[in-house]
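Chain letters run A, B, ... following the sequence lines, proteins first and then strands; every chain starts at 1.
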Number of protein chains: 2
Amino acid sequence: MIGMDVEDEPTIDELYPARRLLDQIADKWTPIVLFCLASGTSRFGVMHRKIPGLSKKMLTQVLRRLERDGLVHRTVFRVVPPKTEYVLTDLGRRLHEPVAQLCRWAEDNVDVLDAIEQSRAEAESSEAG
Amino acid sequence: MIGMDVEDEPTIDELYPARRLLDQIADKWTPIVLFCLASGTSRFGVMHRKIPGLSKKMLTQVLRRLERDGLVHRTVFRVVPPKTEYVLTDLGRRLHEPVAQLCRWAEDNVDVLDAIEQSRAEAESSEAG
DNA sequence: CGGCATCCATAGCGATACTG
DNA sequence: CAGTATCGCTATGGATGCCG
């Protein structure tokens with residue numbers, strides 16, 4: 001068995017489910033937007049106000065991508081003033097599941113987040129000092 | 001009650017637990033590295049080979065950050081050839097929980113990932129076509 | 001209101017080469 | 001083996017202004 005090696009471990013390549021999922025949602029805003037939409041139909045301005053720090057440009061970008069990937073449906077009402085509604089598709093609701101898990105974990109484990117921030121602060125102060 | 005409005009919804013600001021968690025792990029590689037380390041102590045080269053597409057530079061960067069934030073412990077053995085071991089701290093194991101949830105969900109819902117990819121492919125072809 | 005276009009600054013990230 | 005250093009491109013993302 002030349003080339004055989006017990007140390008040969010399976011690689012985690014780009015087809016690995018976790019990596020495919022991460023390619024989809026692993027950014028600063030997508031999970032938050034998904035989370036916002038989970039509670040029901042929402043509008044551009046509402047979401048924009050609801051997520052401080054998220055620029056219109058980025059919100060648009062995230063929503064366009066979600067729409068393109070079949071996760072969000074966009075309805076434009078041709079009225080004055082303009083009105084656009086966003087709602088999760090069935091697929092979007094499926095993808096929201098792991099995001100919700102993540103959010104729940106975060107809320108239940110704020111102590112971990114605090115501890116991480118403290119570690120970082122200590123590391124940075126000792127490096128600066 | 002001037003200024004009171006039933007439409008006033010709570011904002012999801014940067015102190016919201018989910019956003020703090022995302023700031024920590026929402027990138028292409030961190031969750032994968034965390035996942036790799038979950039199975040036990042590992043070495044730089046082993047992880048590098050195990051995750052195709054992850055450059056040495058990025059792996060170093062991710063590991064340094066995890067170390068700084070108290071999630072990973074690094075042990076350098078002064079031997080030739082050099083040897084460095086990485087292992088999750090208790091805090092790191094805590095943070096691994098939601099990552100593991102994510103990975104599990106991804107493996108159980110490959111159909112969703114497939115559907116998303118198909119939606120994207122269709123959107124792109126109709127846009128190009 | 002719900003965008004899009006533009007500018008611009010920075011961060012991300014791969015490629016390559018070098019070191020102890 | 002386990003990095004560090006440098007280059008250079010590209011993507012990210014904020015700011016601003018315009019438009020229907």
Side-chain angles (χ1 to χ4, degrees), chain A residues 5 7-9 12-14 19 22-33 36-37 41-69 72-87 120 124 127, chain B residues 5 7-9 12-14 19 22-33 36-37 41-69 72-87 120 124 127:
Chain A
D5 190 334
E7 289 285 355
D8 270 356
E9 286 191 43
I12 302 179
D13 63 23
E14 63 280 357
R19 282 185 64 172
L22 289 171
D23 283 345
Q24 200 62 41
I25 63 167
D27 67 70
K28 205 176 168 64
W29 303 116
T30 301
I32 303 291
V33 172
C36 271
L37 284 169
T41 300
S42 191
R43 297 180 55 183
F44 189 92
V46 172
M47 288 187 280
H48 188 223
R49 279 188 302 276
K50 199 166 179 175
I51 311 176
L54 173 56
S55 66
K56 288 200 296 180
K57 178 182 169 182
M58 288 312 299
L59 178 54
T60 301
Q61 190 173 302
V62 168
L63 287 170
R64 286 295 179 281
R65 176 174 175 175
L66 291 175
E67 192 187 1
R68 184 199 64 182
D69 293 351
V72 159
H73 182 71
R74 176 165 165 250
T75 309
V76 179
F77 297 89
R78 299 219 144 278
V79 296
V80 279
K83 176 176 166 182
T84 308
E85 281 185 356
Y86 292 89
V87 60
R120 171 165 51 227
E124 279 172 354
E127 142 199 3
Chain B
D5 189 334
E7 289 285 355
D8 270 358
E9 286 190 42
I12 303 179
D13 64 20
E14 62 282 354
R19 283 185 63 173
L22 288 171
D23 283 344
Q24 201 61 42
I25 63 166
D27 68 68
K28 204 176 166 65
W29 302 117
T30 301
I32 303 292
V33 171
C36 269
L37 284 169
T41 300
S42 191
R43 298 178 58 182
F44 188 92
V46 172
M47 289 187 280
H48 188 223
R49 279 189 302 277
K50 198 166 178 173
I51 310 176
L54 172 56
S55 66
K56 289 199 296 179
K57 178 182 169 182
M58 288 311 299
L59 178 55
T60 300
Q61 190 173 302
V62 168
L63 288 170
R64 286 293 180 283
R65 175 172 177 177
L66 291 175
E67 191 187 2
R68 184 199 64 182
D69 293 350
V72 158
H73 182 70
R74 175 163 164 253
T75 310
V76 179
F77 297 89
R78 299 219 144 279
V79 296
V80 281
K83 176 178 167 180
T84 308
E85 280 185 356
Y86 292 89
V87 60
R120 170 164 52 227
E124 280 172 353
E127 143 197 3

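- For B/Tyr86 and D/dA2, the OH to C1' distance is 7 Å, given to the nearest whole Å.
- Taking only side-chain nitrogens and oxygens, A/Arg43 comes nearer than 4.0 Å to OP1 or OP2 of C/dG2.
- Checking D/dG3, C/dG14, D/dC1 against every side-chain atom of B/Thr84, the shortest atom distance belongs to D/dG3.
- Side chain of A/Trp29, nearest nucleotide from C/dC1, C/dG3, D/dG14: D/dG14.
- Residue B/Pro82 places its side chain closer to C/dG20 than to any other of D/dG13, C/dG20, C/dG14.
- Computed from coordinates, the A/Asp27 CG to D/dG14 P distance equals 12 Å when rounded to whole Å.
- For the pair B/Asp23 CG and C/dG12 P, the computed distance is 12 Å after rounding to whole Å.
- Between A/Arg64 atom CZ and A/Glu67 atom CD the span is 6.0 Å, to the nearest 0.5 Å.
- Residue-to-nucleotide proximity on DNA chain C shows that, of A/Lys57 and A/Arg74, the 5′-proximal contact is made by A/Arg74.
- Residue A/Ser55 places at least one side-chain N or O under 4.0 Å from the OP1 or OP2 atom of D/dG14.
- As rounded to whole Å, 12 Å separates atom C1' of D/dC1 from atom NE2 of B/His48.
- In this entry the distance linking CG of A/Leu59 with P of D/dT12 reads 16 Å, nearest Å.
- Summary of the strand contacts: B/Lys56 and A/Phe44 both lie near DNA chain C, and taking for each the nucleotide with the nearest heavy atom, the more 5' one is attributed to A/Phe44.
- Residues A/Arg78 and A/Gly53 both approach DNA chain D. Their nearest nucleotides, taken by heavy-atom distance, put A/Gly53 toward the 5′ side.
- The nucleotide whose nearest atom lies closest to any side-chain atom of A/Met58 is, among C/dC4, C/dG14, D/dG14, D/dG14.
- Checking D/dG3, D/dG13, C/dG3 against every side-chain atom of B/Thr60, the shortest atom distance belongs to D/dG3.
- Per the geometry, CG belonging to B/Leu63 stands 14 Å off C1' belonging to D/dC1, to the nearest Å.
- The distance from atom CZ of B/Arg49 to atom C1' of D/dA2 is 12 Å, rounded to the nearest whole Å.
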